[in-house]
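Below is one structure, written out as C-alpha cells; the observations come after it.
The model shown is predicted, which means the values in this text are computed figures rather than measured ones. Reminder, nothing fancy here: chain letters follow the sequence lines and each chain counts from 1.
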Amino acid sequence: MNLDELQSLVDMVQNSQLREITLKQGDRRLTIRRDPLQGTAAAFGDVEGLMDGGAPVAGDLMAVASPPDTVSYHDVTAPYVGIFCHLRPMVGMGSRITNGQTLCTIQSMDIHNEVVVDVDGQVIDIHVDDNQPVEFGQILYSIEVDSSTDV
Amino acid sequence: MFEKILIANRGEIAVRIIRACREMRIRTVAVHSTADADSMHVRLADESVCIGSPAPKDSYLHMPNIISAARITGAEAIHPGIGFLSERANFAEACEMCGLKFIGPSATVMDRMNNKSSARETMRAAGVPVVPGTEGMIADDQEALKFARKTGFPLLIKAAHGGGGRGIRLVQNEDELPRQLDMARNEAASAFGSAEVYMERFVEEPRHVEVQVLADEHGHVVHLGERECSVQNLRHQKLLEEAPAVQLTPQQRSRLGDAAVKAARAIGYVNAGTIEFLVDSHGDFYFMEMNKRLQVEHCVTEMVTGIDLVKEQIRIAAGERLGYAQKEIRANGHAIECRINAEDPARGFIPSAGCITRVVLPGGYGVRVDTHIYAGYEVPPFYDPLLAKVIVWDKDRQGAILRMQRCLSEMEIDGVKTNIGFQKRILSNAFYRRGEVSTDFIQRRIISDTKS
C-alpha cells in the first residue's frame, strides 16, 4: 500500500457511515477508526509494515492518529497449548465482554480449559478458527478496552 | 519406525536429537519457551510449538502443554532429552496413557530406580556390589548411630530422592551425626519433597566411572564400555569426561561391564541407560546410581564405539532389535569431552547470561562440536549454562589431550564468560595428564593450586 491509497482509505472512512475498517495483509493489520467525538479517522496497527514508502510516511501517519488516551487495546493470548474451541453460542466479532468472562476453551489432554478475559470491552478481532491448534502465547482475540477500565 | 518425534528439551541436546532424527528421515517437532523462540533447536526442527513462559516449570516441565503439542502436531513419540522430564516416571506414564511412545525406560522401572534406597536394594539382590550402607531408610537417630559405629567414619547421608550430586552430607564424627541428620532430612524434604534419607560408607578418593548400556524390548542387553567422569566441579557436576576410563586393568573393565549388564537385566531395563560406579584406589567398585536416560557425555562413547546412541534409543523405542552382540562392540582409541559452560570461574562459577557477540568453533580431524550457540544468540538466564561440548578422538589418550588443547586454543566465545580457560588448566595439569584423577581432583589439584 502507498500513501495515496492509505489517504483514500482514511477519506472513505471519514465520509462514510463506517465506524472503522480493518485491513489484513499477511500477519500485519491496519485499523482505521473514526473518533466518535470528533468524527476524524485514525490509523492504528502495524502501519510501517503495510506501507511501501517506509518510515517517513509512517511518521506522518502517526501524527494523524487521534488522541490515544481514549482508546486502548488488549490482546487475549493462549495460556495453554491445545485446540481452540468457541463456546456455544460463540463470543463473536463485536461482542461486549466483561472482566472475568470466559471467551473460549482450549482443549488439552481431553480437558477443556477456559480462557478468561481480564478487561471490559468489545471484541474487534478473532485471530483463530474453531478447532484450530494453538500454541502458548498465540493471539486469540483483540479487545477494544472500555475507556473506564484500568488495564 | 516413527514418522514424527517431538523433542521435549532445549539447547545442544535438542539439536543433537533433531540431527539424529533428520538422518533417520524422521520429522521433528521442537518445543520452546518464550525465551527460546530464536533458539537453534527451533530453527532446525521441521515444526515448533511454544509451550510456555521462560521458567522451566511453566514450559519444559509443563507436561500438559508438551503432550498437547505432540497431539496437535501429530507426533508419535517424545524424546525427553536430558534433565527436565527425562527421569519423571509420571511423565513417561502420561505419555503412555496418551498413546505417545516415550523414548526411554518404562515408568515402572523409573519409579523403582528413582528411589535410591530401593535401587540399592535391587542391585544388592542382583549381586551388583554396593557401598556398605543402611538397609533402607533411616528410621531414627539410634539406628543411624548403630550403623555409624559398625561402619566407621567418615560417612555420607544421602537423600533417597536426591540426584546430580545434591542432597548429600558428609559426617566426620559421632558428635555431629544428630545435627547433620536433622539438616539432611530438612534439606531433602524441601529440595526433593521427601525427608527420607539413608547412610553409606564414604569411599575415599573415589573415581567416578560409569558404564553405558543399551537394552532392547526383546531381552538383549549390551554395554558400550565405560566413561571416566571424575573431573567434577565443587557441586559434583561433571566438567570433562573421557572414554575409556584411565588406569583400569582389562579384568576390572570387563567386571564393570558385566556388573552393568547384570544391573540392567535385574530391573528389566529397556533403552539407553548408564550405571554409575565409584571405583576406589584398589580398583574395587560399587554401584552408585542409575541414570535412566541419555547423558551429556554420551558422545565420548559414540566416538570410541562408532555407535550413535540417540539413533539406537529411537530404534529401540520403535521396537527394533539391537542386532549386534556384546563381542562385536569394541572401544577404539580414546575420546575426551570438555563441557564449555557460560560461567565465571573467577567468581565461583556463577552462570553468565548475555548476548554472544562472536563465536569461533574448533574443527579438524577427530573433532566434534555439539552446540546450539551462534553469533547473536542470547544466552537466557533461566537454564543450564552448557554452551557447547567439544569432543575429540585420537588413537590414544596422549594424542586426544593434545588435540583437545589445540581445539580449546582455537575456540573463542565473546559476550559471556566461559570456562574455556579453566578447562585448559585441567588439561595441562600434570596429575590429570598422568590419569591421576579422583572426584576431588578440582579441589585438590586445581583450586588449591590457585590459592597457594
Can you spot which of B/Thr73, B/Val31, B/Val49 makes a side chain to side chain contact (heavy atoms under 4.5 Å, CB included) with A/Val81? B/Val49

Under 4.5 Å to a heavy atom of chain B? For A/Gln138 that would be neither

Could you tell me which non-hydrogen atom of B/Ser68 sits nearest to which non-hydrogen atom of A/Gly82, and how far apart they are? OG-CA, 3.5 Å

Which value, rounded to the nearest 0.5 Å, describes the distance between A/Glu135 atom CD and B/His32 atom NE2? 5.5 Å

Distance from A/Asp110 atom CG to B/Arg71 atom CZ, nearest 0.5 Å? 5.0 Å

Would one find more than 12 heavy atoms of other residues, nucleotides or ligands at under 6.0 Å from atom [atom1] of [X]?
X        : atom1 : value
A/Asp130 : CG    : yes
B/Glu320 : CD    : yes
B/Met1   : CE    : yes

Option that, when pairs with chain A are counted at under 4.5 Å, heavy atom only, ranks first among B/Ile72, B/Asp58, B/Thr34: B/Ile72

Specify which of B/Ser53, B/Ala94, B/Ser48 makes the most heavy-atom pairs with chain A at under 4.5 Å. B/Ser53

Could you look at B/Ser59 and say if it's the side chain, the backbone, both or neither that has a heavy atom under 4.5 Å from chain A? neither

Within a strict 4.5 Å, meaning less than it, do heavy atoms of the A/Phe136 and B/Ser33 side chains meet? no

